Amino acid sequence: MRKQVVDLDRFVRELKKARKKSQAPVITLIANRGATPFEILASTLLSLRTKDAVTDAAARRLLAVANTPEQIAALPAQKIEKLIYPVGFYPTKAKRLIEISRILLERHDGRVPDEMEALLALPGVGRKTANLVLIEGFGRDGICVDTHVHRISNRTGIVTTRTPEETEFALRKTLPKKYWKPYNELLVSYGQTICVPVSPFCSRCPVEAECPKQDVTRSR
DNA sequence: AAAACGGGGGC
DNA sequence: GCCCCAGTTTT
């Protein structure tokens with residue numbers, strides 16, 4: 001049996017059309033007004049395991065008060081907790097924002113490092129966060145794999161991988177470079193509205209006909 | 001490999 | 001009421 005293959009050109013084109021209606025993700029909103037690498041790092045840290053509407057409001061409240069390592073490091077943890085509530089893990093994230101700010105001041109001249117290794121060395125920064133900072137903050141080429149990108153890339157059969165990191169490297173080989181930047185943010189909004197984790201709305205999906213629906217047992 | 005961190009929202 | 005979420009760290 002021949003494996004169905006989703007047409008990447010058409011997939012991305014249709015997703016762009018579909019995105020017009022949905023709300024832009026927080027990172028895009030911030031990037032659109034010229035976010036600094038530190039702002040991208042801080043808001044990405046807030047976003048972990050938290051829905052983007054909640055993250056967006058919290059990031060705006062925080063960055064309006066403090067948007068540099070100096071300013072964050074000078075704030076009491078309790079004050080940051082209050083600003084970012086109710087993002088998930090807010091007490092941990094408040095401490096981490098301060099900790100990272102201090103490390104940046106002590107070890108990196110108060111700037112966000114622009115290398116993967118140095119970013120991963122920061123507490124609470126994993127591959128997803130580091131990639132987003134490098135791509136959105138420093139304009140690097142790369143693919144940022146989160147749960148949406150991982151799930152949808154496998155569900156559609158664009159790649160076949162077990163971990164997000166494997167997905168990142170598989171996409172680097174499979175995906176034409178011109179799609180690297182739009183791919184992540186397109187899939188995130190698509191993954192929040194149509195291709196949701198459980199019981200996705202396949203009837204509203206532009207590539208429904210070609211999709212092997214790898215992990216889908218029920219669809220709507 | 002799996003639990004844990006935390007609270008809001010969907011169903 | 002139960003399950004899931006723009007992950008990462010620790011066991």
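Protein chains get the first letters and strands the later ones, always in sequence-line order, with residue 1 at the start of each. For the numbers below, each heavy atom of this structure counts, side chains included, while hydrogens, waters and symmetry mates do not. On a predicted model such as this, the values are computed, not experimentally measured, just so you know.
Base pairing analysis places B:dG6 opposite nothing; no Watson-Crick or G-U wobble pair with both distances below 3.5 Å involves it.
At a threshold of 4.0 Å, the pair A:Glu81-A:Lys95 does not count as salt-bridged, since none of the basic side-chain nitrogens sits closer than that to a carboxylate oxygen. Ion pairing between A:Asp141 and A:Lys181 fails under the 4.0 Å rule for side-chain N and carboxylate O. Salt bridge status for A:Glu210 with A:Arg10: present, with a side-chain N to carboxylate O gap under 4.0 Å.
If A:Arg220 and A:Gly88 are placed on DNA chain B by their nearest nucleotide, the residue sitting closer to the 5' end is A:Gly88. Comparing A:Gly124 and A:Pro197 by the nucleotide of DNA chain C whose heavy atom lies nearest to each, the residue mapping closer to the 5' end is A:Pro197. In this structure, A:Lys51 and A:Gly126 both approach DNA chain C, and ranking their closest nucleotides by distance from the 5' end singles out A:Lys51.
Spacing between B:dC5 and C:dG1 at atom P, rounded to whole Å, works out to 23 Å. Using atom C1' as the reference point in both C:dA6 and B:dC11, the two lie 22 Å apart (nearest Å). For the C1' atom pair drawn from B:dG8 and C:dT9, the interatomic distance equals 23 Å after rounding to whole Å. Taking the P atoms as reference points, B:dG9 lies 24 Å from C:dT8, given to the whole Å.
Side chain of A:Pro91, nearest nucleotide from C:dA6, B:dG6, B:dG7: B:dG6. Relative to the side chain of A:Thr50, the nucleotides C:dA6, B:dG6, B:dA1 differ in distance, and B:dG6 lies closest. Closest approach to the A:Asp146 side chain among B:dG7, C:dA6, C:dT8 is made by C:dA6 (side chain taken as heavy atoms from C-beta onward). Relative to the side chain of A:Lys128, the nucleotides B:dG7, B:dC5, C:dA6 differ in distance, and C:dA6 lies closest. If you check B:dG7, B:dA1, C:dG7 against the side chain of A:Tyr90, the one that comes closest is B:dG7.
A straight line from CG of A:Leu48 to P of B:dC5 spans 16 Å, rounded to a whole angstrom. We find that CD1 of A:Ile84 is positioned 12 Å from P of B:dG7, with the value rounded to whole Å. Protein atom CG of A:Leu46 is 15 Å distant from nucleotide atom C1' of C:dT8, rounded to whole Å. Spacing between atom CG of A:Leu45 and atom C1' of B:dC5 amounts to 15 Å, rounded to whole angstrom units. A:Gln192 places its CD atom 17 Å from the P atom of C:dC4, with the value rounded to the nearest Å. Per the geometry, NZ belonging to A:Lys95 stands 12 Å off C1' belonging to B:dG6, to the nearest Å. Atom pair A:Phe89:CZ and C:dT10:P shows a separation of 14 Å (rounding to whole Å applied). Atom CZ of A:Arg49 is separated from atom P of B:dA3 by 13 Å (rounded to the nearest Å).
Regarding contacts with the backbone of C:dC4, every side-chain N or O of A:Arg151 stays at 4.0 angstrom or more from both OP1 and OP2. Residue A:Ser47 has no polar side-chain atom (N or O) positioned under 4.0 Å from OP1 or OP2 of C:dG7. Between B:dG6 and A:Thr92, a contact under 4.0 Å exists linking OP1 or OP2 to a side-chain N or O.
For the residue pair A:Tyr183 and A:Ser153, a side-chain donor N or O sits within less than 3.5 Å of a side-chain acceptor on the partner.
Within the cation-pi definition used here (under 6.0 Å to the ring centroid, within 45° of the axis), A:Arg172 does not qualify as a partner of A:Phe169.
Taking the centre of each ring, A:Phe11 and A:Tyr190 come in below the 6.0 Å mark.
Backbone-only contact: A:Val125 has heavy atoms under 4.0 Å from sugar-phosphate atoms and none from a base.
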